[in-house]
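The analysis underlying the following values was restricted to heavy atoms, covering all of them including side chains, and did not include hydrogens, waters or symmetry mates. All chains are named by letter (A, B, ...) in the order of the sequence lines, taking the proteins before the strands, and each is independently numbered beginning at 1.
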Amino acid sequence: MKIGYVSTNRSLCKADSTVKLDHLERVKGVANSNLECLKRTLEWNVEHDILFFRISSNTIPFASHPKMTFDWRKEMRGLLEEVGEVIREKSIRISMHPGQYTVLNSERGEVVRSSIEELKYHADLLDLMGVEGKIQIHVGSSKGGKEEGVRRFVENFSLLPENLRNRLVVENDDRVYTVRDCLEVWRGTGIPIVLDNLHHSLNNDGESLEEALDLVRGTWRGTPMMDYSSQEPGERRGVHASTLSETDFRDFLKVVKDVDVMLEIKDKEASALKAVRIAKEMNKIKSF
DNA sequence: GTGCGTCAAGACACA
DNA sequence: TGTGTCTTGACGCAC
């Protein structure tokens, strides 16, 4: 089992800085600083037995934007290779997660086109690093019903270049598409399913978490990825916890096995350190 | 150094 | 048709 966290290490440096659109001239500097920080973060993570990481979509801000003129694929190549070397050498598992505006199955052609450009940026970034790594998105729109939404997803998936199709994975969401709906996507595309425990608790077809994990396991060739978070007490439903609840996480680890776990918790590396300690205590990962 | 108005983008519920 | 919410800050200007 590998444990990871999202985007940036708050105690180290910022790997997810961005700029505003009218300051695109700053992108090069920010991208450079993000990648330097990403490298430091990955090295820090390895020292702390954190071997799973979600790279920020902001790494190269506005990379897929039509106004972008900076040739990041060329200019950042050297640094991307350096980061990739760390990832390969230390066998770090990598994911990325484009935001809510990436809607592959939108009814609107221009939204689909810009979504594909955004996905290509993610795939190219990982290609240039020379690493494996999955790009995780939600099914998206449910206009016309879920069946229709899945149909559009499968149809648009076939438009994607191969280097992207091989990296795409789909995640159950907290409002519309359940794990079983994602299985329909898998049947049409063959892409694996990332199970999110909090979304599953809010939106499911009656399966326990353990049953849901059994369902998605068959969509992966190797170890499945899972997203883990817990509900922030007293907050609106779906709000991620500010820090890891040790009790909740122990209960979670009692149920799951043979998965890699991405923590979606606001205090990031602080919770990851706690999670690694707990997982070691429960013999879910070996101590070094 | 701090406060706060604003930020690229989609989808959907609701008035 | 317009507005608010999701989510979640963080940029960056004004002071």
Side-chain angles (χ1 to χ4, degrees), chain A residues 5-34 37-38 54-70 72 96-122 135-153 156 170-178 181 196 198-199 201-203 227-243 262-271:
Chain A
Y5 61 97
V6 173
S7 289
T8 201
N9 180 316
R10 292 186 165 190
S11 62
L12 206 61
C13 52
K14 262 184 70 61
D16 58 355
S17 284
T18 185
V19 298
K20 288 194 175 173
L21 187 56
D22 53 359
H23 291 292
L24 279 180
E25 74 280 359
R26 296 177 190 167
V27 162
K28 184 177 181 178
V30 171
N32 215 70
S33 141
N34 283 344
C37 176
L38 173 60
R54 182 183 295 168
I55 295 176
S56 170
S57 294
N58 272 343
T59 302
I60 316 282
F62 293 106
S64 72
H65 196 278
K67 286 188 181 170
M68 179 76 158
T69 53
F70 173 56
W72 64 271
M96 296 187 79
H97 194 346
Q100 63 179 320
Y101 299 110
T102 301
V103 185
L104 184 60
N105 75 344
S106 173
E107 280 199 317
R108 297 169 52 197
E110 72 269 27
V111 173
V112 175
R113 279 190 287 279
S114 62
S115 296
I116 292 177
E117 285 309 307
E118 179 70 357
L119 290 170
K120 278 183 184 168
Y121 147 62
H122 286 75
I135 302 165
Q136 168 181 346
I137 58 173
H138 293 289
V139 182
S141 163
S142 57
K143 203 79 177 282
K146 290 202 278 189
E147 264 184 43
E148 192 55 23
V150 169
R151 190 197 61 73
R152 286 196 304 271
F153 189 102
N156 292 342
V170 73
E171 176 196 348
N172 61 308
D173 67 71
D174 60 347
R175 291 147 56 98
V176 183
Y177 291 100
T178 62
D181 298 324
D196 181 306
L198 182 59
H199 293 169
S201 72
L202 298 167
N203 182 29
D227 282 352
Y228 175 85
S229 61
S230 53
Q231 170 77 37
E232 175 74 359
E235 271 293 343
R236 198 185 54 246
R237 83 192 265 281
V239 171
H240 291 173
S242 50
T243 191
M262 177 54 60
L263 302 173
E264 291 185 326
I265 311 246
K266 286 178 183 164
D267 64 358
K268 298 177 187 284
E269 81 284 354
S271 283

*asked:* Is there a side-chain contact between Asp173(A) and Asn203(A) in this structure, where contact means two heavy atoms from C-beta onward sitting under 4.5 Å apart?
replied: yes
*What interatomic distance, in whole Å, is found between C1' of dT8(C) and the corresponding atom of dT6(B)?*
14 Å
*Under 4.0 angstrom, heavy atoms only, what part of the nucleic acid is Val176(A) near: base, sugar-phosphate, or nothing?*
nothing
*Identify whether any heavy atom of Ser115(A) sits under 4.0 Å from a base atom; if not, whether one sits that close to sugar-phosphate; answer base, sugar-phosphate or nothing.*
nothing
*Report the nucleotide, chosen from dA11(B), dA8(B), dC11(C), that has the shortest atom-to-atom distance to any side-chain atom of His65(A).*
dA8(B)
*asked:* Do Val139(A) and Asn105(A) make a side-chain contact, defined as non-hydrogen atoms from C-beta onward lying under 4.5 Å apart?
replied: yes
*Value rounded to 0.5 Å, distance of CE in Met96(A) from OG in Ser56(A)*: 7.0 Å
_Protein-nucleotide distance (Asp173(A), atom CG; dA11(B), atom P), rounded to Å_ = 14 Å
*Taking OH from Tyr121(A) and C1' from dA8(B), how many angstroms apart are they, rounded to a whole number?*
14 Å
*Please state the P separation for the pair dA11(B) and dG9(C) - nearest whole angstrom.*
24 Å
*Quickly work out the Asn58(A) CG to dA10(C) P distance and round it to whole Å.*
10 Å
*Is dA8(B) paired to anything, Watson-Crick or G-U wobble with both distances less than 3.5 Å, and if yes, which nucleotide?*
none
*Separation of atom CD in Glu148(A) from atom P in dC12(B), rounded to whole Å*: 12 Å
*With C1' as the reference atom in both, quote the distance from dC7(B) to dT7(C) in angstrom, rounded to an integer.*
14 Å
*Answer yes or no as to whether dA9(B) has its base stacked against Tyr101(A), where stacking requires a ring-centre separation under 5.5 angstrom and planes under 30 degrees apart.*
yes
*Rounded interatomic separation in angstrom, taking NZ from Lys266(A) and C1' from dT7(C)*: 8 Å
Short N/O separations, protein against nucleotides 2-4 of chain B, under 3.5 angstrom:
none

_P spacing across the pair dG5(B) / dG4(C), given as an integer number of angstrom_ = 16 Å
*Go through dA10(C), dC13(C), dG9(C) for me and flag the one nearest to the Lys14(A) side chain.*
dA10(C)
*Mind checking the CG-CD1 spacing from Asp16(A) to Ile55(A)? Nearest 0.5 Å is all I need.*
12.0 Å
*OP1 or OP2 of dC11(C) sitting under 4.0 Å from any side-chain N/O of Arg26(A)?*
no
*asked:* Would you say Arg108(A) places a side-chain N or O within less than 4.0 Å of OP1 or OP2 belonging to dA11(B)?
replied: yes
*Value in whole Å for how far the P atom of dA10(C) lies from CG of Asp22(A)*: 19 Å
_With heavy-atom distances below 4.5 Å as the criterion, would you say the side chains of Asp227(A) and His199(A) are in contact?_
no
*Contact class for Thr102(A) vs. all strands (heavy atom < 4.0 Å): base, sugar-phosphate, or nothing?*
nothing
*Identify which one of Glu118(A), His97(A), His122(A) satisfies the side chain to side chain donor-acceptor pair (under 3.5 Å) criterion when paired with Ser57(A).*
His122(A)
*May I ask you to evaluate whether Ser141(A) reaches the phosphate of dG10(B), defined as a side-chain N or O under 4.0 Å from OP1 or OP2?*
no
*Using a heavy-atom cut-off of under 4.0 Å over every strand shown, decide if Lys67(A) touches base, sugar-phosphate, or nothing.*
nothing
*In whole angstroms, how far is the C1' atom of dT8(C) from the NZ atom of Lys268(A)?*
10 Å
*asked:* Tell me which nucleotide, if any, is Watson-Crick or G-U wobble paired with dT8(C) when both distances must be under 3.5 Å.
replied: none
*Leu24(A) CG to dC11(C) P: how many Å, rounded?*
15 Å
_4.5 Å side-chain heavy-atom contact, Phe62(A) and Val30(A)_ = no
_Can you tell me if His23(A) touches the phosphate of dC13(C), counting only side-chain N or O atoms and a distance under 4.0 Å to OP1 or OP2?_
yes
*Under a 4.5 Å cut-off applied to non-hydrogen side-chain atoms, are Ser7(A) and Lys268(A) in contact?*
yes
*Sugar-phosphate only, base, or nothing, as touched by Ser114(A) at under 4.0 Å among non-hydrogen atoms*: nothing
*Does some side-chain heavy atom of Asn34(A) sit less than 4.5 Å from a side-chain heavy atom of Cys37(A)?*
no
*Which nucleotide sits closest to the side chain of Val19(A): dG12(C), dA8(B), dA9(B)?*
dG12(C)
_If you go through the side-chain atoms of Lys20(A), does one of them form a donor-acceptor pair with the base of dC7(B) closer than 3.5 Å?_
no
*Side chain of Gln100(A): nearest nucleotide among dG10(B), dC12(B), dG12(C)?*
dG10(B)
